Each structure stands twice: as structure tokens, then as C-alpha cells.
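To start, the structure under review is shown below, and the notes come after it.
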Amino acid sequence: MRKPLSLHALCSATLILILCISINGCSSTKYEEGSPEAAAAALTQRLIPHKASMFLFKSIPPTPDGQDVFRIEALGNKILISGNSSNSMAKGLGHYLKYCCYATVGWFVYDEINLPRQLPLPEEPIEVHSRVKERFFLNYCTFGYTMPWWHWEEWEHFIDWMAVNGINLPLAITGQESIWYEVWTSLGLDGDRVREYFTGPAHLPWHRMLNIDRWGGPLPQSWLKGQADLQKKIVARERELGMKPVLPAFSGHVPDFLSEVYPDAKITKMGSWCGFPEEDVPSFLDPMDPLFTKIQGMFLDAEINRYGTDHIYGIDLFNEMTPPSDSPEYLGRVSRQVYESLHEADSEGVWLQMTWLFWNERNFWTNERVEPFITSYPKEKSLLLDYYCERQEVWQRTERYFGVPYIWCYLGNFGGNTYLDGNLAEINSRLENTFENGGDNFRGIGSTLEGFDCNPFVYQYVFEKAWDNPTHKDLDKYSALLSRCRTGVDSPKAEEAWDRLIDDIYVDRSVPGHSPAHNLRPSFGRSSSYHSSVKYSYKNSELKEIISLLLESEGKGSAYEFDLVNLTRQYLSNLFEEEFAIYKEAYTDGDWKKMEEQREKMEDIFTSLEKILSTQGYFLVGKWISDARGWGVDKAEKDFFERNARNLLTTWGDRGNLLTDYADRTWSGLLSSYYKGRWDMFFDAVQSAISAHGEFNSQDEAELKERTLDFEKNWWENMVGQYPSAPSGNSVKAVREVLESLD
């Protein structure tokens, strides 16, 4: 039975009910244009248009200590969601959909939201407060590994996804190259040379992080304009939904030919990054040079004029690069001067920076260097991202960042690798410990994933930890909730499956090169590409049992179908690794017949993977390519974008690049043409060598590598193959048939 409303709630409800009755009988409530209520109502209309009229929205104050709050309650036959901002109301809607309707809101525009025919009314009011002020999302790399080809349709839905998950501090770095083009040309540089200085679109994150210049360029003018127009829409919608977009600012990265106009400027070449050639090595302007402050002001003036500002700027110095000096005094002076340049351009400016470098280059970044680098300017004007907390919480090794405000971040994915990981128990434990021991300067929770696709529920869980809803602390309860949300049914089999997934399968944590064996460049020893095939920590037979339980649960909806394919993809990938181990053992034993049998089994696994992957838009290389070509205004531009899209997933740079396969994906089309193509070359080379001289020796391997390098470059440079951009077939049927074929 519902509890009676308090007098305060009853009065508020009466006022809103009177308002609703006065406006078309409550069927089309009108809110003041530009109000938080109007923004929340518009979001609801976009996400669940057929049920949007069931919801009412109302502004309330934040909590007494200034935290965000939302409240959900029944009002007649409507659902009233109150919040202190449009972001809180959106989070309230997301909470209602998840906890009351057991619905999943996916981050891609094609993800369906399955709702019950009759929306349930809360039996009593639900009130939830935020535990932290800031909820940060995205990584520079995500703009290369997932988002480079997105149009407004994809962005619009994704921003709504961020809102219903309570994210209020998104990285917003789209469209900055048009600003830089304006700055560099106004300083006297040639426009065509500036466009050549930029990398190709998918590689822009690493250009922005001072890692590479030129590779994959030049950028077309149409791209500069298109991205600028897109960024205007992105930041406008993010602000409408109560977010503060983190815009870029000047970090010292300049075109090397700037010295032709400013010969006295203190410009130095940085070191080569990941083996890129000298002509691609970026140039760095010393922050102590007066030109630095001038450029900072020019860029921010132009950016603010075009995109507005919320006074939070991302500036990252020396990412995966060695600073010009290891002197603590130098590092303190550099960061102080960078801050001063920001402050002069925007007196309210807050400097946000990732601290990945403190972990990745930890031998250099000792505390005696970290402390002056992050404390040389006012702490209240700084916000640090503890970037990879599932592996190393830097706050624990830097005396809580010496009192500087920071955000605890879960990374969880490198390069968009298609792999199961995401240990909820560890996330829960580490975050609760941070709440208890992380200091008063612990300001927020975030995620810095490099790519989407594989494990979406893990990231939603991370942002649940930002609110005082108690369910996320009890993993048994949360697992039961996931079961209902992800399968769309109330089933003991589904619940058992998800209990086992959380306890036994999603227990690994992502590491660079965390990839299935069939995506490796084949070898009897260690792969010569970036990969490291990390052995999964569970029994593959258990994963198969879990998939069978999910099939028996007879779930429904897009989340259920995605999970079936995603889990079966991993099961088959693990099986491939097991079969290859037998193949290698047969080679050692000289059992040529067994080797042939194993080759057939592995080729069958490729066929099975293609069958299930082709049913999901998540796993189509054709969609990635089609989206890239969609940015071209003519065939030449379309081909340019396609080559860039293919290159990032394969060799990353030129032939034999150190980062080859860093961004590997188990995707339909890519699997059958690129990865299987390499394995066919390997199998053929081994068989040929055995027939010729009884073994596959080092010379055979060296010759195969050269042919493989040519094959890899040819795949992206000559755009080998055409691939479907839309899914086909039934995911549940395909998974069932594949599993039955293996029994």
C-alpha cells in the first residue's frame, strides 16, 4: 500500500495537478522555454516518445550541503520527477527506467529501450542524493577509437545517455581544428600547410595530445567546417542538460614551421612517439616564451566566441612524452606559466588534466616532480583525473595529490579492444575506500574509456557509485537488477547467469593489447604486433554454460541479444586460443595430420564468429567504414576517410608500425578478411615449409612477416573488400545454432 503524502508533498502535488489540468488535461504539459523542466521533458520525448506524456518535471533546491538531488513520486496517474537541475531530473528518469521498469538505455542511437506496456507508479517517493559533485566522462582517445565519424544523430542520443547516467562533466574536444586553423593562419601561416600539419580524423586525439603531426592528413576544409558545426550542437545540448563541457586550451603544441614567422620563439622538437618518423614528431613552444600567452589568448577568445565556455579547460602537457627538463623547479615553472596564460585569457578558468603520465611514465614522475607540477598554481583552479584507478590509484602514491582536487576514474578499455572485462567487486571496493580515505579533495567519479562497444553495463555501474542509492553497494542485489534489465525477463536462469557473470567472468581488468588470439598476428612464439594475448582467468566451459542459461531464460530486447552475441564471441575467441595451443603442440610433435585437423577447427570458428557478429550493429566493420565515408563531399574525400578509418584499426600508422593491432576489433568483415587473411597466410606458410624441409624455421618466419606486413598495409591502403553496414539475421537463432554445432 502506498504511504500517504506529507503535507508539503501534498501541497506541491496539488499545485502541479492544477497546472496540468489547466493545460490540455495534463496530456501536453508546457514548460517555460529554456527551463530545466523543458530540457528534461524534451529528453524524455526523444528517448521514449510513446510514454513521454506520463512524466512531469519540477525544479527543487539542491541538498543543504549543495549536492545534486532527484525525487521520483506518483502524482495521480503520472510520474513526477523533481531535481535541482535538468541533469538531476535526467538522472531521475534514468533511475526510474532502470529500477522501476527494468529498462536499459544503451549509448548507441540504434539501441532499443524496452518498456512495460503499463508504466508502474512508485509506491512511495524515491529520493536520491549525489555523493560527489563532478561526474566526468570520455577520454581523448574515445574521439578516435569510437566517435570520429559520428554525426549529430549519434551525438544527440549519446548526450541523452550521459544525462540519464548523471554525467555532468563531459570532455568536449570536437571541432577545435577549425579554431586552430583560424589561429595559425591569423599568425601568418599558410592555410594548406596548416591542414597538412593536422593528422587524419581518426588520429586527431594523438595530435591534440602532442604525440604526432601530419600522419593521415591533410584535413579537408569540409571536415573543419562540419566538425565546427557539430561542436556547436554538442555543447549547446550538453549545457541544456546541465553539463559543463570541458573544452580544450593551448598546451604548447605548434606547427614546426611557426619558427619561419617567429624565428626567436623557443620551439623544440619532442621525442619520437611509438616509432613515428621524424617528420611526424610534434613541436613544443616553451610556456615561458611570451608567444605562448599570446596564442593561448587567441585560441580561447576564438573558442569562447564560437562555442561559449563553462570555464573548465583540458590542457595536457607531456602525455607519453619526456619533458625537456627533469628539474622539479622547471616543471613547477612550466605548469605555473601555463596556468597564468589560462588565467589571463579567462580569469575564471579551471585547468583539468589527466594524470595518466604519472602512472605510465612513473619512473620519471616521482613525487618530487609531481608535487611542484600540480601545486604551483591555486588548487581551487585545478582538477585532476586519476586516470586508471582499476590498475593504479595515483592518489594513493602522491599523498592524495598533495591536496589538489581530483576525480577517481575507471578506464576499462584500451583501443576499443573487443574483450570481456570489468570487475564490479573491485570497482566497488576501490571506490568505497576512496570515499572513506581519499581526502576532502576527492571531488568526483569518472570514466576514461578509450572505446565503446563491449561492456556497457560496467560503465553504468561506475556512475551509479556517484549517488547514494544503496543497491550498488550490494553486488548480489545489483546482479539481480542487471539480470532483469539486460534480459527483459524475471527468470531464475537469467539471474543465475548474471550472478556467475559478475562473480566469475567479468573479473579481469583491461590492459593494453588485451585481445583474443585470432586477432593476433600469427606466430608460434610471441606475436610481432602490439598484442599481448592475456589468458582469461575463468574456465571457458563455464562461459558456455552461462550462455546456455541465458538462452534458456528466453529473454528479449536489444540488450539481451547484444549480450548473447558478445558472450558467445568471447567463448569462441577463447576456444580458438585453445585450439591453436593444440595446433602448436601437434607441430612440436610432428603430427602433421593433427595440424590439418586443428586448422579446420580454427577456420570453422572464424565462420561461426562471422555468423553471430553479423547480426549486431555493434560488431560491423562495414558500419565503421560507411560512417567514415559519410563525411566525404565527393568520392576522393570518401576514399580518404575510409583509408583513415581502416588504418586506425589495423596498422595504426604506416607499414609495420609499433601500434599495429592496438585498436583491433572482433568485427564482422574485419575478422573474415583481415585477421583470417593473416591466419591463412600463416597456415599456408607452415604447411609449405614442412613440405619443403620438414620445419618452419626462422627464415620462413621472417619471409612470412614481410608478406604479412604487405598484406596489412594493402588492406587499408587499397581498401580491400566491401562489407555490410547494417546487421542481418537473428542474434538469438545464430547463437543457438553455433552452440549446437559445437556440441
Side-chain angles (χ1 to χ4, degrees), residues 275 513 515-535 572-611 621 646-647 649-662 664-721 741-742:
S515 306
H518 50 65
N519 291 5
L520 297 169
R521 186 184 289 156
S523 171
F524 279 123
R526 190 183 186 281
S527 174
S528 58
S529 63
Y530 188 86
H531 280 299
S532 56
S533 180
V534 181
K535 182 68 176 176
L572 292 172
S573 298
N574 297 344
L575 187 60
F576 185 96
E577 186 171 341
E578 294 171 3
E579 301 293 4
F580 183 49
I582 298 173
Y583 177 91
K584 289 191 289 185
E585 183 179 350
Y587 171 76
T588 301
D589 294 341
D591 189 342
W592 315 136
K593 182 179 179 181
K594 184 66 174 178
M595 290 174 66
E596 280 300 304
E597 292 174 356
Q598 289 306 114
R599 174 177 181 172
E600 288 181 12
K601 289 182 179 181
M602 286 184 276
E603 289 177 341
D604 287 345
I605 291 174
F606 274 115
T607 301
S608 295
L609 280 165
E610 276 289 335
K611 181 174 182 174
V621 76
R646 286 169 172 259
N647 174 259
L649 302 184
T650 53
T651 65
W652 215 102
D654 210 343
R655 179 184 185 275
N657 184 270
L658 178 65
L659 291 176
T660 293
D661 294 331
Y662 179 91
D664 75 280
R665 316 291 170 88
T666 306
W667 283 358
S668 174
L670 184 64
L671 192 76
S672 60
S673 66
Y674 182 75
Y675 300 128
K676 186 176 184 297
R678 294 195 305 195
W679 279 92
D680 285 341
M681 292 172 67
F682 172 76
F683 290 137
D684 289 345
V686 172
Q687 184 175 358
S688 177
I690 290 172
S691 298
H693 44 262
E695 65 173 348
F696 183 69
N697 59 34
S698 57
Q699 181 178 343
D700 298 321
E701 187 165 12
E703 292 173 355
L704 172 63
K705 181 179 178 181
E706 290 303 309
R707 294 197 302 274
T708 302
L709 294 177
D710 290 339
F711 168 85
E712 291 169 349
K713 181 171 182 177
N714 182 59
W715 189 88
W716 66 262
E717 188 172 53
N718 293 318
M719 299 182 292
V720 174
S741 71
L742 296 171

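Model, not experiment: these values are computed from the prediction. Basis for what follows: all heavy atoms, side chains included, without hydrogens, waters or symmetry-related copies.
Counting heavy atoms from C-beta outward, Trp667 and Leu671 have side chains that stay 4.5 Å or more apart. Within the 4.5 Å cutoff, the side chain of Lys676 has no heavy atoms near those of the Glu610 side chain. Residues Glu577 and Pro516 are not in side-chain contact: their nearest non-hydrogen atoms beyond the backbone lie 4.5 Å or more apart. For the pair Ile690 and Met595, the minimum side-chain heavy-atom distance is below 4.5 Å.
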Worked check of side-chain contact (heavy atoms from CB on, under 4.5 Å) between Gln687 and Arg599: CA-CA 11 Å; Gln687 184 175 358; Arg599 174 177 181 172; 3.7 Å; yes

Might you work through the side-chain contact (heavy atoms from CB on, under 4.5 Å) test for His518 and Thr666, ending with a clear yes or no? CA-CA 9 Å; His518 50 65; Thr666 306; 3.6 Å; yes

Does the side-chain contact (heavy atoms from CB on, under 4.5 Å) test come out yes or no for Leu575 and Leu742, once each step is laid out? CA-CA 10 Å; Leu575 187 60; Leu742 296 171; 4.2 Å; yes

Determine, stepwise, if the pair Glu712 / Thr660 fulfils side-chain hydrogen bond (donor to acceptor under 3.5 Å, both in side chains). CA-CA 9 Å; Glu712 291 169 349; Thr660 293; 4.7 Å; no

Go through the steps for Ile582 and Lys601 under the test side-chain contact (heavy atoms from CB on, under 4.5 Å), then give the verdict. CA-CA 11 Å; Ile582 298 173; Lys601 289 182 179 181; over 6 Å; no

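Contacts of Asp604 classified as side-chain hydrogen bond (donor to acceptor under 3.5 Å, both in side chains), with partners at least two apart in sequence or in another chain: none. Annotation: salt bridge (Lys or Arg N to Asp or Glu O under 4.0 Å) contacts of Asp710 (sequence neighbours excluded): Arg655.
Of the candidates Leu520, Leu670, Thr650, Leu609, Tyr675 forms a side-chain contact (heavy atoms from CB on, under 4.5 Å) with just one, namely Leu670.
Atom CD1 of Ile605 and atom CZ of Phe580 lie 12.0 Å apart (nearest 0.5 Å). Between atom CZ of residue Arg665 and atom OG of residue Ser515 there is a gap of 10.0 Å, rounded to the nearest 0.5 Å. One finds the CD atom of Glu579 at 7.0 Å from the CE atom of Met602 (value rounded to the nearest 0.5 Å). The CG atom of Asp684 sits 6.0 Å away from the CG atom of Asp680 when rounded to the nearest 0.5 Å.
Closest approach of Lys594 to Asp591, counting heavy atoms only: N-OD1, 3.0 Å. Of all heavy-atom pairs spanning Ala685 and Leu704, the tightest one is CB-CD1, 4.0 Å.
Of the possible polar contacts, one joining the Thr607 side chain to the Glu603 backbone as a donor-acceptor pair under 3.5 Å is found.
For Trp715 and Tyr674, the ring centers are positioned less than 6.0 Å apart. Note: Trp679 and Phe576 meet the aromatic proximity criterion, with ring centroids under 6.0 Å apart. Aromatic pair Phe696/Tyr587: centroids not less than 6.0 angstrom apart.
Taking a cutoff of 4.0 Å between a charged side-chain nitrogen and a carboxylate oxygen, Glu717 and Arg646 do not qualify as a salt bridge. The existence of a salt bridge linking Arg521 and Asp664 is excluded, since no basic side-chain nitrogen approaches an acidic carboxylate oxygen closer than 4.0 Å.
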